[in-house]
Participant: 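Questions regarding the structure given below will be posed in turn.
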There are 2 protein chains.
Amino acid sequence: MNEHILKKAFDNHFEASIEVWKAFADLCEEVHFKKNEKIKEVGKTAKYGYFLIKGSCGLFVWKENNFICTDLILENNFFADDISLLSGKPSQIEIVALENSTILQISKSNIDLLKKTPMGNILFLAGEENSTIEKQTQQIEMMTLTAEERYLNLMKNRPEIIQRVHQKHIASYLGITTQSLSRIRKNLLK
Amino acid sequence: MNEHILKKAFDNHFEASIEVWKAFADLCEEVHFKKNEKIKEVGKTAKYGYFLIKGSCGLFVWKENNFICTDLILENNFFADDISLLSGKPSQIEIVALENSTILQISKSNIDLLKKTPMGNILFLAGEENSTIEKQTQQIEMMTLTAEERYLNLMKNRPEIIQRVHQKHIASYLGITTQSLSRIRKNLLK
DNA sequence: CAACAAAGTTACCGTATGGCAACAAATCAC
DNA sequence: GTGATTTGTTGCCATACGGTAACTTTGTTG
């Protein structure tokens with residue numbers, strides 16, 4: 001049944017028959033995480049890539065006594081501790097379920113299998129490309145925009161995030177304190 | 001002869017015979033760029049990946065009337081307009097030789113060839129991994145450190161950059177104005 | 001080498017954002 | 001549901017950095 005979710009999520013980007021998605025889904029395992037449960041812990045090595053079916057997740061980096069949010073994930077998206085998954089080494093990255101979440105997880109060895117199929121190759125290449133572009137964009141926004149402009153961008157591009165994720169995480173994601181975010185929000189109610 | 005340069009550059013990371021590097025080098029073409037010459041222009045599609053043999057290069061993103069420096073490259077490193085090279089689409093990225101430079105360039109099709117060899121696969125995977133980690137680190141530094149701390153980090157980690165690259169590029173790379181960088185430098189002479 | 005252009009410095013002032021601290025509001029646990 | 005934690009708000013003040021603009025230094029080109 002999960003193949004239909006995958007197919008639907010990528011129908012706009014890839015033409016692939018349901019059988020292809022079935023093959024994909026068969027390499028995955030459906031798992032569930034409670035709110036605030038850790039999906040991947042700091043100091044450990046990533047074993048899986050993930051596709052979020054339901055809920056929301058946050059990626060954080062442990063840095064000098066606090067966690068910085070590097071990414072916020074909603075339904076129908078892939079996510080992973082890229083660094084650790086690619087290198088096979090432990091990382092300082094933590095992944096947490098921000099709501100009760102349903103996830104498809106796929107092991108590193110199955111990812112490698114998939115990458116060898118034409119479809120998987122295209123899919124993962126596109127994934128890498130997306131994440132590279134996103135990181136680049138994020139970096140540039142951080143360097144050129146004010147916190148308020150970044151928040152407005154987020155509201156425009158991913159409005160659901162604003163409604164479903166704690167402000168402390170959004171603030172961290174935007175690179176500011178929760179106080180600053182609170183002031184920005186107040187200011188926007190002008 | 002370039003195979004020796006490649007072997008030497010990666011001897012600490014990969015055990016590979018000179019024949020393997022020869023095969024690599026044979027897929028490359030040695031090219032030369034004068035100082036300030038554009039290696040890749042904004043709005044065009046990347047055709048090559050690069051390995052810098054001699055000189056220095058800068059990667060910039062065109063953003064609202066000015067160029068932001070996203071990376072500074074010295075000898076013995078790979079670099080590329082990743083986004084465009086991966087996607088096959090034009091990008092807003094420009095690559096410029098900051099000094100007279102000698103470069104090995106390798107076409108996208110040859111990269112794809114190499115990726116299918118065991119050695120090439122490991123090499124490019126390691127490259128992706130490095131660049132992911134670097135981007136992540138850069139982003140976190142931008143969010144958590146002051147401009148002065150970032151400059152000190154750069155001095156510590158890549159001192160040659162400070163000596164060989166214009167301050168305006170370093171400032172841009174650090175996400176500040178050249179005035180601010182000038183003040184920071186003055187301050188450090190305390 | 002002279003003349004010009006590019007890069008870097010300094011001063012002045014404005015402003016976005018951080019840190020502390022007290023409080024209010026929302027959520028969680030039993 | 002009631003108390004206890006967590007999250008978000010607000011005021012006050014400190015500070016890092018940006019923008020403008022004048023100036024100096026360095027580099028380029030004929």
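In what follows, chains carry the letters A, B, and so on, assigned in the order in which the sequence lines appear, proteins first and then strands, with residues in each chain numbered from 1.
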Participant: It should be established whether S182(B) places a side-chain nitrogen or oxygen under 4.0 Å from OP1 or OP2 of nucleotide dG8(C).
Facilitator: no
Participant: Picking from dG8(C), dT17(C), dT10(D), which would you name as closest to the side chain of Q167(B)?
Facilitator: dG8(C)
Participant: So, do Q139(B) and Q138(A) sit near enough that their side-chain heavy atoms are less than 4.5 Å apart?
Facilitator: yes
Participant: dG30(D) pairs with which nucleotide, Watson-Crick or G-U wobble, both distances below 3.5 Å?
Facilitator: dC1(C)
Participant: Ignoring backbone atoms, test whether K35(A) places a side-chain nitrogen or oxygen under 4.0 Å from the OP1 or OP2 oxygen of dC28(C).
Facilitator: yes
Participant: For K47(A), is the NZ atom crowded, meaning more than 12 foreign heavy atoms sit under 6.0 Å from it?
Facilitator: no
Participant: Tell me whether the OP1 or OP2 atom of dT17(C) has a side-chain N or O from S180(A) closer than 4.0 Å.
Facilitator: no
Participant: Which one, dC17(D), dG18(C), dT17(C), comes nearest to the side chain of T177(A)?
Facilitator: dG18(C)
Participant: Using a strict cut-off of less than 4.0 Å between a Lys/Arg side-chain nitrogen and an Asp/Glu carboxylate oxygen, indicate whether R185(A) and E148(A) qualify as a salt bridge.
Facilitator: no
Participant: Whole angstroms only, please: what is the CG-P distance between L181(A) and dT17(C)?
Facilitator: 11 Å
Participant: For the side chain of T146(B), starting at C-beta, report the closest nucleotide among dT20(D), dC17(D), dA16(C).
Facilitator: dC17(D)
Participant: In whole Å, I'd like the distance from the CD atom of Q179(B) to the C1' atom of dC12(C).
Facilitator: 13 Å
Participant: What is the separation between atom CD1 on I170(A) and atom P on dT9(D), rounded to the nearest whole Å?
Facilitator: 11 Å
Participant: Quick test of your reading of the model: are K22(A) and D26(A) salt-bridged, counting only N-O distances below 4.0 Å?
Facilitator: yes
Participant: Does the side chain of N2(B) reach to within under 4.5 Å of the side chain of W21(B), using non-hydrogen atoms?
Facilitator: no
Participant: What contact category does T178(A) fall into here, base, sugar-phosphate, or nothing, at under 4.0 angstrom with non-hydrogen atoms?
Facilitator: base
Participant: Send over the distance from R164(A) CZ to dT27(C) C1', rounded to a whole Å.
Facilitator: 18 Å
Participant: Rounded to the Å, how far apart are E149(B) CD and dC17(D) C1'?
Facilitator: 14 Å
Participant: So does K186(A) get a side-chain nitrogen or oxygen closer than 4.0 Å to the phosphate oxygens (OP1/OP2) of dG11(D)?
Facilitator: yes
Participant: Starting from P on dT10(D), measure out to CD1 on I184(A) and report it in whole angstrom.
Facilitator: 13 Å
Participant: Closest to the K168(B) side chain: dT17(C), dA21(D), dG8(C)?
Facilitator: dG8(C)
Participant: Test for a donor-acceptor pair under 3.5 Å between the base of dG11(D) and the side chain of R183(A), counting only N and O atoms.
Facilitator: yes
Participant: Under 4.0 Å between a side-chain N/O of H166(A) and OP1 or OP2 of dT6(D), yes or no?
Facilitator: no
